[in-house]
A.B. asks: 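Take this structure, written in structure tokens, and hold onto it; I'll ask about it next.
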Amino acid sequence: MKMSKLFVQTLREFPSDAEVVSHKFLVKAGYIRKLTSGVYNYLPLMWRVLKKVENIVREEMDNAGAQELLMPFVQPKELWEESGRWEVYGRELMRLKDRHDREMCLGPTHEEIITAIARDGLKSYKQLPVNLYQIQSKFRDEVRPRFGLLRGREFIMKDAYSFSTSQEDLEKEYDNMAKAYKKIFDRCGLPTKMVQSDSGAIGGSVSHEFMVITDTDAGENDVFYCDDCDYAANSNHAISNLPSAKIDGAEFGLNEYKVVDTPNMKTIDEVCAFLGVDPTVLCKSLVYIADKEPVIALIRGDKQVEETKLMNAVGAIDIRIATPEEIEELMIKNGFNAKAGFIGPMGMKDVKIVADNTVKELKNFVIGANENDKHKVGVNLDMLPEVQFEDIRLVQAGELCPQCGKPLKVTRGIEVGNIFQLGTKYSQPMNAVYMDVDGKAKPYIMGCYGIGISRTAAAAVEAHYDDWGIKWPISIAPYHVVVVPVSTKDELQMKVAQEAYEKLLAAGIEAVIDDRDERPGVKFKDADLIGFPFRITVGKSIQNGNVEFVVRETGSKEEMAPEKAVEYVISHVREALKH
RNA sequence: CGGGAUGUGGCGCAGCUUGGUAGCGCACCUCGCUUGGGACGAGGGGGUCGCACGUUCAAAUCGUGUCAUCCCGACCA
């Protein structure tokens with residue numbers, strides 16, 4: 001490809017609306033252009049990258065025994081009503097009507113469609129197991145699209161769905177997919193962690209996410225992991241053992257139940273300082289609104305509530321912290337009249353109470369008195385109304401690994417893929433069944449497996465860049481090498497550059513020759529920004545028979561004969577593309 | 001959906017307070033000069049100032065409304 005003809009417009013400055021590095025560089029280097037919020041044009045360079053990611057995914061999925069198909073982007077309401085998700089999916093589902101006023105939606109995911117396909121085509125246990133996948137644009141009307149390609153509304157996704165006759169077979173396929181995913185991300189040059197996670201709106205029981213760990217703040221998930229064993233989990237699912245702590249109020253002299261004055265002490269810190277106790281003997285009461293119903297969450301004073309866990313504990317699909325007004329309203333409903341900061345569980349009858357397991361251990365603890373400027377001390381569990389014990393605690397770094405007991409660490413991660421064991425969540429309500437050996441109709445045991453293609457490409461930028469631009473891994477770079485004649489007016493330079501370029505092409509290397517009549521600085525800046533893994537510069541030293549061979553990743557520069565530079569590129573690229 | 005901000009050629013911005021008919025840098029076109037890290041000079045093209053209504057002799061500028069975009073919080077590949 002001639003640089004003069006390549007459809008790319010590099011910018012001198014970052015776009016003003018970009019925050020994270022992948023967004024900034026992909027726009028500045030001319031890979032993408034925003035069309036509207038969360039929707040991007042993939043320009044030729046980007047499309048080459050995306051096709052490479054797709055092809056890696058396709059090869060590994062095919063190797064793993066899955067079969068590719070393509071489902072429609074527009075889907076009818078009826079199927080979504082069968083699964084029950086038309087009602088629960090929410091505003092993220094982009095709904096529209098056709099000319100006959102029939103309701104449709106843009107596909108945010110394809111469980112409904114694939115399940116309908118399966119029940120038409122997979123009638124017998126003899127046909128199972130099967131894994132079907134597609135690579136396609138998805139649309140989710142995100143409340144807040146951001147971070148460029150990392151959280152678009154329209155994005156490219158690989159989604160796979162497996163159909164099995166037993167949990168054992170499902171688990172086998174689940175492991176098979178986990179292995180394929182590892183290979184895929186390795187081939188894309190992305191170090192990932194496979195972490196346990198909540199299964200969220202898609203549903204099901206077991207699920208894992210593949211996280212790219214980067215030092216940029218583009219990661220939207222906290223991942224807790226252990227250096228000493230393989231434990232790793234999303235914060236919405238992580239568990240830990242706690243180091244020992246003072247959890248008996250008697251250690252602070254609170255061995256007797258009484259109501260004490262705590263004037264204006266509303267926060268945990270204020271109360272602890274005033275009473276002279278550690279927060280570990282407090283029992284915090286937090287009020288949440290779960291699907292419009294108030295819920296009181298109890299947790300030890302030094303710990304935080306993990307909202308996803310709480311949401312799952314009460315079986316809600318939406319949860320938020322209550323406002324002070326809502327809290328006071330709840331107290332009035334239960335016969336109390338106090339400010340929000342003094343709410344406590346004692347005497348609460350007309351509300352659901354979920355207590356974290358940390359509360360189970362507490363003795364002679366402190367709670368709000370449901371009375372202004374007062375707390376109760378020396379409280380024990382038998383004095384509280386009936387509560388539901390659950391793990392609703394947000395893990396903190398330094399707590400102990402549930403597998404090996406070593407301290408856990410935390411890091412940010414970008415979720416590029418996930419795998420779910422769905423079970424019969426879709427096959428059951430949609431009556432998607434096969435005939436088993438015993439002649440009985442049974443619902444498929446399903447799994448689903450997603451990879452964000454466009455997100456993976458953006459995550460690669462987050463993981464590989466420097467001040468000057470992108471440093472693509474060779475496997476997904478739009479081109480492998482750029483040949484730069486310093487002066488296009490110099491006949492010798494042009495001749496050598498042209499020859500090198502043609503040899504590279506002949507060897508199957510994806511090469512660009514920068515034939516623009518620009519000053520060298522411009523060409524070098526563009527080369528670094530766009531992120532060609534290799535550069536061959538043909539300049540003055542060609543008079544001594546040398547060109548410069550530059551490796552983008554390391555920045556190393558070396559003078560050598562043109563033939564040798566060409567050989568280097570060919571061998572490096574071939575080596576990198578082996579798998 | 002709550003909170004904050006911004007809309008002026010392709011990109012980045014100034015002008016708005018104090019209304020007078022739009023400007024700068026980059027990019028683009030032409031010519032000259034230059035060629036190892038975003039040169040320089042001369043000339044040129046491109047914007048009904050997000051949109052609508054209003055105030056006014058006159059609106060990018062003032063008022064009202066509306067739309068869009070971005071940032072901070074709850075969802076997700």
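For clarity, every value in this text was computed on a predicted model and none was experimentally measured. We use all heavy atoms of the structure for the numbers below, so side chains are in, but hydrogens, waters and symmetry mates are not.
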A.B. asks: With sugar-phosphate meaning primed atoms plus P, OP1 and OP2, does A/Ile321 contact a base, only sugar-phosphate, or nothing at under 4.0 Å between heavy atoms?
C.D. replies: nothing
A.B. asks: Looking at A/Lys158 and A/Glu60, is any side-chain nitrogen of the basic one under 4.0 Å from a carboxylate oxygen of the acidic one?
C.D. replies: no
A.B. asks: Does B/G37 pair with anything, Watson-Crick or G-U wobble, both distances under 3.5 Å, and if so, with which nucleotide?
C.D. replies: none
A.B. asks: Nearest 0.5 Å, please: how far is OH in A/Tyr40 from CG in A/Leu149?
C.D. replies: 7.0 Å
A.B. asks: Using atom P in both nucleotides, what's the gap between B/A60 and B/C49 to the nearest angstrom?
C.D. replies: 6 Å
A.B. asks: Assign each of A/Gly452 and A/Pro145 to its nearest nucleotide of RNA chain B by heavy atoms, then name whichever residue's nucleotide is nearer the 5' end.
C.D. replies: A/Pro145
A.B. asks: Whole Å only: how far is the NZ atom of A/Lys34 from the C1' atom of B/C11?
C.D. replies: 13 Å
A.B. asks: Tell me which residues in residues 35-66 of chain A put a heavy atom below 4.0 Å from RNA chain B, sorted by number, or none.
C.D. replies: A/Thr36, A/Ser37
A.B. asks: Has A/Ser16 got a side-chain N or O lying under 4.0 Å from the OP1 or OP2 atom of B/C13?
C.D. replies: yes
A.B. asks: Under 3.5 Å, side chain of A/Tyr42 to main-chain N/O of A/Val49, donor-acceptor pair present?
C.D. replies: no
A.B. asks: Please report the distance separating the P of B/C62 from the corresponding atom of B/G7, rounded so that it comes out in whole Å.
C.D. replies: 12 Å
A.B. asks: With P as the reference atom in both, quote the distance from B/C67 to B/C51 in angstrom, rounded to an integer.
C.D. replies: 15 Å
A.B. asks: Without decimals, in angstroms, what is the distance between A/Tyr288 OH and B/A74 C1'?
C.D. replies: 11 Å
A.B. asks: Let's test this: given Watson-Crick or G-U wobble pairing with both distances under 3.5 Å, identify the partner of B/A42.
C.D. replies: B/U30
A.B. asks: Is it the case that the base of B/C71 and the side chain of A/Arg146 share a donor-acceptor contact (distance under 3.5 Å, atom types as modelled)?
C.D. replies: no
A.B. asks: Treat primed atoms plus P, OP1 and OP2 as sugar-phosphate and everything else as base, then score nucleotides 3-8 of chain B 5' to 3': B for base contact with protein heavy atoms under 4.0 Å, S for sugar-phosphate contact only, - for none.
C.D. replies: ------
A.B. asks: By nearest atom, which of the nucleotides B/C13, B/C70, B/A77 is closest to the A/Glu142 side chain?
C.D. replies: B/A77
A.B. asks: With a 3.5 angstrom cut-off on both distances, give the Watson-Crick or G-U wobble partner of B/G25, or none if there isn't one.
C.D. replies: B/C11
A.B. asks: In the strands shown, is B/A77 matched to any nucleotide by a Watson-Crick or G-U wobble pair with both distances under 3.5 Å, and which?
C.D. replies: none
A.B. asks: Would you mind listing every side chain to side chain donor-acceptor pair (under 3.5 Å) that reaches into residues 540-551 of chain A, with sequence neighbours excluded?
C.D. replies: A/Ser541-A/Glu559
A.B. asks: Starting from P on B/A74, measure out to CD on A/Gln304 and report it in whole angstrom.
C.D. replies: 13 Å
A.B. asks: Would you kindly give the CZ-to-P distance between A/Arg320 and B/C1, to the nearest whole Å?
C.D. replies: 15 Å
A.B. asks: Take atom CD of A/Glu111 and atom P of B/C76, then tell me their distance rounded to the nearest Å.
C.D. replies: 13 Å
A.B. asks: Side-chain donor-acceptor pair under 3.5 Å between A/Arg95 and A/Tyr89, yes or no?
C.D. replies: no
A.B. asks: Verify, without hydrogens or angle tests, whether A/Ser22 (side chain) and A/Glu462 (backbone) share a donor-acceptor contact under 3.5 angstrom.
C.D. replies: no
A.B. asks: Using the C1' atoms only, state how far B/U30 lies from B/U56, rounded to an integer number of Å.
C.D. replies: 45 Å
A.B. asks: Nearest-Å distance, CZ (A/Arg144) to C1' (B/A77)?
C.D. replies: 18 Å
A.B. asks: Flag the pair A/Phe25 / A/Phe14 as yes when their ring centroid distance falls below 6.0 Å, and as no otherwise.
C.D. replies: yes
A.B. asks: Could you list the protein-to-nucleotides 32-39 of chain B atom pairs, N/O on both sides, closer than 3.5 Å?
C.D. replies:
residue : atom : partner  : partner atom : Å
B/U34   : O2'  : A/Arg519 : NH1          : 3.0
B/U34   : O2   : A/Arg519 : NH1          : 3.2
B/U34   : O4   : A/Lys489 : NZ           : 3.4
B/U35   : O2   : A/Glu518 : O            : 3.3
B/U35   : O4   : A/Lys489 : NZ           : 3.0
B/U35   : O4   : A/Asp517 : OD1          : 3.2
B/G36   : OP2  : A/Lys540 : NZ           : 2.9
B/G36   : O6   : A/Gly539 : N            : 3.2
B/G36   : N2   : A/Glu548 : OE1          : 2.3
B/G36   : N2   : A/Glu548 : OE2          : 2.9
B/G37   : O6   : A/Arg535 : NH1          : 3.4
B/G37   : O6   : A/Arg535 : NH2          : 2.9
B/G37   : O6   : A/Lys557 : NZ           : 3.3
B/G37   : N1   : A/Asp528 : OD2          : 3.0
B/G37   : N2   : A/Asp528 : OD2          : 2.4
B/G38   : O2'  : A/Arg12  : NH1          : 2.6
B/G38   : O2'  : A/Arg12  : NH2          : 3.2
B/G38   : N1   : A/Asp526 : OD1          : 3.2
B/G38   : N2   : A/Asp526 : OD1          : 3.3

A.B. asks: Mind checking the P distance from B/C53 to B/A58? Whole angstroms is fine.
C.D. replies: 15 Å
A.B. asks: Does the structure show a Watson-Crick or G-U wobble partner for B/C70, both distances under 3.5 Å? Name it, or say none.
C.D. replies: B/G4
A.B. asks: Once you apply the 3.5 Å cut-off to both distances, tell me the Watson-Crick or G-U wobble partner of B/U56, or none.
C.D. replies: none
A.B. asks: May I have the distance from A/Asp17 (atom CG) to B/C72 (atom C1'), rounded to whole angstrom?
C.D. replies: 16 Å
A.B. asks: Considering residues at least two apart in sequence or located in another chain, which fulfil the ring pair (Phe, Tyr, Trp, His ring centres under 6.0 Å) criterion with A/Trp86?
C.D. replies: none
A.B. asks: Taking the side chain of A/Arg33 as heavy atoms from C-beta outward, which of B/G73, B/C76, B/G10 is closest to it?
C.D. replies: B/G10
A.B. asks: Provide the distance between the two C1' atoms, one in B/U8 and one in B/U61, to the nearest whole Å.
C.D. replies: 11 Å
A.B. asks: Are a donor atom and an acceptor atom from the side chains of A/Asp62 and A/Tyr133 found within less than 3.5 Å of each other?
C.D. replies: yes
A.B. asks: So, A/Tyr449 versus A/Ser162: side-chain donor-acceptor pair below 3.5 Å or not?
C.D. replies: yes
A.B. asks: With A/Phe224, which residues qualify under ring pair (Phe, Tyr, Trp, His ring centres under 6.0 Å), at least two apart?
C.D. replies: none
A.B. asks: Determine, step by step, whether A/Glu112 and A/Ser83 satisfy the side chain to side chain donor-acceptor pair (under 3.5 Å) criterion, reporting the C-alpha distance in whole Å, the side-chain angles of both residues, the deciding distance to 0.1 Å, and the verdict.
C.D. replies: CA-CA 7 Å; A/Glu112 281 77 4; A/Ser83 70; 2.6 Å; yes
A.B. asks: Please check this pair: side chain of A/Asp515 against backbone of A/Ser4, looking for a donor-acceptor N/O pair closer than 3.5 Å.
C.D. replies: yes
A.B. asks: In whole Å, what separates the P atom of B/C11 from that of B/C1?
C.D. replies: 28 Å
A.B. asks: Using the C1' atom as the reference point in each nucleotide, state the distance between B/A59 and B/A39 in Å, no decimals.
C.D. replies: 42 Å
A.B. asks: For the aromatic rings, using the six-membered ring if either is Trp, is the centroid distance between A/Phe7 and A/Trp47 under 6.0 Å?
C.D. replies: no
A.B. asks: Check every strand shown and say whether A/Gly30 touches a base, only sugar-phosphate, or nothing at a heavy-atom separation below 4.0 Å.
C.D. replies: nothing
A.B. asks: Look at the side chain of A/Glu13 and decide which nucleotide, out of B/C70, B/A77, B/G25, has an atom nearest to it.
C.D. replies: B/G25
A.B. asks: Rounded to the nearest Å, what distance is computed from the CD1 atom of residue A/Ile32 to the P atom of nucleotide B/C11?
C.D. replies: 14 Å
